[in-house]
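A short worksheet on the structure shown next.
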Amino acid sequence: MSTDDSTPDADPSPSDRDNFIYDIIDQDLEEDTYGDRVVTRFPPEPNGYLHIGHAKSIVLNFGIKHDYADRAETTCHLRFDDTNPDTESPEYVQSIKDAVQWLGYDWEEHEYYASDYFEQFYQYAITLIKQGDAYVDSLDEEEIREYRGSVDEPGTPSPYRDRSVEENLELFRKMKAGEFDDGEHVLRAKIDMSSPHMIMRDPLLFRIKHAHHYRQGDDWCLYPMYDYAHPLEDAIEDITHSLCTLEFDNNRRVYDWVMEHCLEEDELPSRPRQYEFNRLNLDYTVMSKRRLRHLVEEDYVDGWDDPRLPTIAGLKRRGIPPSAVRSFCRSVGVTRSQSRVQMSHFEHALRDDLNDRAPRVMAVLDPLKVVVTNLDEGEVEWLEANHWPRDIDKDETREVPFTRKLYIERDDFRMDPPEDFTRLAPGREVRLLNGYFFTCEEVIEEDGEVVELRGTIDPETRGGSSPDGRRDTSPEGSIHWVSASHGVPFEARVYDRLFDAPNPRAGDGEFTDHLNPDSLSVRNGLLEPAAEQPDATRYQFIREGYYWTDPDDSTDDHLVFNQIVPLRDTWGDTDSSLSREQIEERRREKEQEKQEHRQRSLEGKTDPVDLLSDEQRARVEHYHETLDVKRESAATIAGDDALADFFDTALDTYDAPSAVANWIVNELRAELKDRSVNALPFDGAQFANLVQLVDTDELTGRGARTVFDEMLENGGDPDAIVDAHDLRQVDDTEALDGVVTDVLTDNPDKVERYRDGKTGLLGFFMGQVMDATNGSANPEVARELLQERLDE
RNA sequence: UGCCCAGUAGCUCAAUCGGCAGAGCGUCCGGCUCUGGACCGGGAGGCUGAUGGUUCGAAUCCAUCCUGGGCAGCCA
């Protein structure tokens, strides 16, 4: 019986490799950005317990270490980001280590503490001050907030912003030496108090805190801020890919600033870079440290390892295998779009993992007595039963005692069964799994409650299979049972969602208002003797769910089993399992919503010209009226003075305003991003030459983009690039005909599918022709040829 | 209101340089002479948030808008 949890190396993963972060790493490896190093890190602050959301990050970071081990030098650091002495403690450090280890990961010797870098943070700050990039500010907390401005008002510089380097150095030294009280001074980066990005309005680098640090003691009274410390931690450890969650997106600006101002020029090309991915949001639970702590401290749950909690400790105690957590984390998707993951998704991952690892046994949770009248008292028949269903490639068996008195699940009997009920009812026959067919002949009631069923078994059906003659009359239902004399009493703890709202944080009121009062229900059941040994085996209680013994509360005298996950999705209508009508309804709602969006987006439209200054409008006028450039394009170009000048220059070389404008708006701007046109390695005249080549059909649009890429990279004369790569457009029908023939004969199956009606494949064929000709085929001619040949 | 991010099947996500819109879950149907559920097979399900533009060709590039989220800690 396998009880071990497979190691991460054994996780099947090829399909999970394709998220955007893996794409970035692939590209860095290809471009040799970091040589063959891939170094990631998991950087928790030791101020709380880890939860399933952290597991996603751990699996991502350590998963990269495993997934790239065959291609690169991979490491994943465990780094405690302990820069705030107020909240951190060694207990949390230990619990974090336990959690990472439990998940199956090994950081080897790479265990680091941000607090070990305090001296380096200090030295870098001195460098910044000397460069004039940081200053000591003596405003108090409230003033700093006021001076920062707001999202729609620029900030104002602090009166201390222009202190001399010497004064700053001296003040900063005194700050470190403990000559000031908390909050008297701070060190700030000198960036831009009027930046539209709030984060760049001179972010704080250091604050004074006379506090005891759990590792550094009282050595420091100067503590770095996250935005300053984090990039440096990454740089010190030579991290290559620094992965964090989406809410740090804004912080990346400071991250990059710190890198660029603290590191040496030659270190910059291979500096760490930050990428943000979506955090895990699981329905029907809460994930924030604050709320988890509240649940624990106010005794809503039974400690940090309460099996209803999404903490790693809770998952562990509940019996969820680490391999299941890993596969779940790999399946949820690492993207940049915020998302909520349904509980059914998580449970599916658990069942999927448990299915071929958990031996089947029978346990009755809510017992109803059954007497087999054609069996003698005291008679025990030991039946052989397989631990595994047919489709699992294992066959281990155990002996199950069959006796006159049995217990079945109360739910499996109905006095007045509905139409589709296939289990027991008066006069009905059912299969007792691994045992016999049993017919209920008598129902004994006390005070209106059914207390006992009596009936007979068909001795021909031993082992639960029917003799050939009875094949057609086999009962439809199969139920589980346990011998009354041999069954072992046990306590079953059945868990349900902790909250009854998908997002307990949403809406008014306290999140604890949404607690589900039935999140734990305790049952006193009966277990077949084969499962009695309280080891760490995870069992499937047939037709009930996966269970294991509670590691803390279960004893030889009093067995306690935790439900890991039920077999059936119990999340019902509130979750993903909507009925057809509900899905239909949802679809109608969505359609209607879309209509409303459309209406609103049409109403909200503004003329881009309205967004311009008077001067710029005059330019639009000129471009649009005189030069006949499309109004929107004219506005786009006129809205950026440098771009407009570039446009004017280009027109001096090639006077085709519409063509040049189109290229500027649609192609050049796409590449420009934050850059100004003045920073490009080519000028307006060269750009105009390129446009002319396309406009006069010397080049195809696709060929032109190849040339353009080259120009962006190295500058240069478009004509020369065209010649060097032999990109001139081919219009010659005969030459193209050969290419078309080749493409069609190379893809007979696709041709067939096209002729069967999958006309979208024309794009595929076009792509093939363009590839084959290095983008130089005249697309109109090629398309015509293809169409002609395909429609034959 | 400034800046940033995202929007693809009911849900979670894919879609390489702009070139066939796919997968898993859920749902429905069927299979498994021992699980109503696990497992296996199949079907249905799309105006890629909207409108315009660029292109032979747009989910992908450009513009404007719509919707949702993040940012104004001396937290991380």
Side-chain angles (χ1 to χ4, degrees), chain A residues 15 18 23 45 47 81 83-84 86-87 141 144-145 148-153 182-183 186 195-199 201 204 206-209 225-226 230 246-247 249-250 276 331-333 335-342 344-345 348 351 355 360 386 389-392 422-423 431 433-434 463-466 471 474 477-478 480 540 542-543 566-569 575-580 582-583 586-587 590 593-594 597-598 600-608 630 632-633 635-636 662 665-667 669-670 701-702 705 750 753 758 760-768 770 778-780 782-783:
Chain A
S15 62
D18 48 13
D23 291 344
E45 184 187 13
N47 68 348
D81 202 3
T83 56
N84 184 357
D86 295 340
T87 56
E141 203 170 334
I144 286 180
R145 209 173 8 254
R148 186 152 36 220
S150 69
V151 289
D152 36 23
E153 281 167 48
D182 288 7
V186 291
S195 171
H197 309 282
M198 294 299 294
I199 194 111
R201 320 248 256 229
L204 272 62
F206 276 98
R207 78 277 209 186
I208 297 170
K209 234 185 225 295
M225 303 291 293
Y226 169 87
H230 208 87
L246 246 24
E247 65 271 24
D249 185 305
N250 285 302
E276 309 87 28
S331 75
V332 290
T335 69
R336 289 188 60 89
S337 53
Q338 71 226 11
S339 59
R340 298 198 65 79
V341 175
Q342 297 169 350
S344 54
H345 228 269
H348 178 263
R351 290 189 203 104
N355 180 37
R360 273 56 168 178
N386 207 309
R390 182 180 43 266
D391 51 291
I392 287 172
T422 58
R423 289 110 84 190
R431 170 188 290 118
L433 280 165
N434 301 305
S465 59
S466 52
R471 187 174 181 329
S474 283
S478 301
H480 57 277
Q540 186 195 106
I542 292 181
R543 302 208 305 134
L567 274 189
R568 180 169 203 164
D569 184 19
D575 216 57
S576 65
S577 49
L578 302 176
S579 70
R580 203 159 247 197
Q582 285 167 309
I583 288 174
R586 181 88 71 99
R587 189 169 297 144
K590 207 173 166 180
E593 214 169 279
K594 234 179 202 182
H597 279 190
R598 173 178 292 138
R600 254 178 306 209
S601 73
L602 286 176
E603 281 165 9
K605 271 207 164 192
T606 39
D607 184 345
K630 250 187 288 296
E632 278 186 1
S633 303
T636 303
N662 277 344
V665 170
N666 294 302
E667 306 296 337
R669 275 182 61 84
R702 180 156 156 163
R705 271 185 295 276
K750 296 236 160 66
R753 278 171 59 207
K758 185 129 178 105
L761 281 167
L762 188 62
F764 165 79
F765 291 119
M766 276 298 290
Q768 293 294 303
M770 297 309 280
N778 178 326
E780 278 141 1
R783 180 170 283 257

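In the text below, chain A, chain B and the rest are named by the order of the sequence lines, each starting its count at 1.
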Any chance the side chains of T335(A) and S337(A) put a donor and an acceptor closer than 3.5 Å? yes

Tabulated below should be each protein N or O lying under 3.5 Å from an N or O of nucleotides 1-4 of chain B; please produce it.
{"residue": "rU1(B)", "atom": "O2", "partner": "D152(A)", "partner atom": "OD2", "Å": "2.6"}
{"residue": "rG2(B)", "atom": "N9", "partner": "V151(A)", "partner atom": "O", "Å": "3.4"}
{"residue": "rC3(B)", "atom": "O2'", "partner": "H197(A)", "partner atom": "ND1", "Å": "2.3"}
{"residue": "rC3(B)", "atom": "O2'", "partner": "H197(A)", "partner atom": "NE2", "Å": "3.4"}
{"residue": "rC4(B)", "atom": "O2'", "partner": "D249(A)", "partner atom": "OD1", "Å": "2.8"}

By side-chain hydrogen bond (donor to acceptor under 3.5 Å, both in side chains), which residues pair with R340(A), not counting sequence neighbours? D283(A)

rG22(B) and rA14(B): how far apart are their C1' atoms, nearest whole angstrom? 7 Å

Can you give the dot-bracket line for RNA chain B, using ( ) for pairs inside the strand, [ ] for pairs that cross earlier ones, | for pairs with another strand and . for unpaired bases, where Watson-Crick and G-U count if both distances are under 3.5 Å? .((((((..((((.....[..)))).(((((.......))))).....(((((..]....))))))))))).....

Can you name the residues that form a salt bridge (charged side-chain N to carboxylate O under 4.0 Å, His left out) with E141(A), not counting sequence neighbours? none

Can you tell which of rA76(B), rC65(B), rU35(B) lies closest to the side chain of L433(A)? rU35(B)

Please classify rG73(B) as syn or anti, treating any glycosidic angle within 90° of 0 as syn. syn

Mind telling me if rC17(B) is syn or anti? Syn here is a glycosidic angle within 90° of 0. syn

For rG73(B), does the base pair up with any side-chain atom of R145(A) as donor and acceptor (N or O, under 3.5 Å, distance only)? no

Gap in Å between the two C1' atoms, one belonging to rG10(B) and one to rC28(B), rounded: 13 Å

Who pairs with S150(A) by side chain to side chain contact (heavy atoms under 4.5 Å, CB included), at least two apart in sequence or on another chain? D152(A), E153(A)

Atom pairs under 3.5 Å: protein N/O with N/O of nucleotides 54-56 of chain B:
{"residue": "rU54(B)", "atom": "OP1", "partner": "K630(A)", "partner atom": "NZ", "Å": "3.1"}
{"residue": "rU54(B)", "atom": "O4'", "partner": "N666(A)", "partner atom": "ND2", "Å": "3.2"}
{"residue": "rC56(B)", "atom": "O2'", "partner": "R783(A)", "partner atom": "NE", "Å": "3.0"}
{"residue": "rC56(B)", "atom": "O2", "partner": "R783(A)", "partner atom": "NH2", "Å": "3.2"}

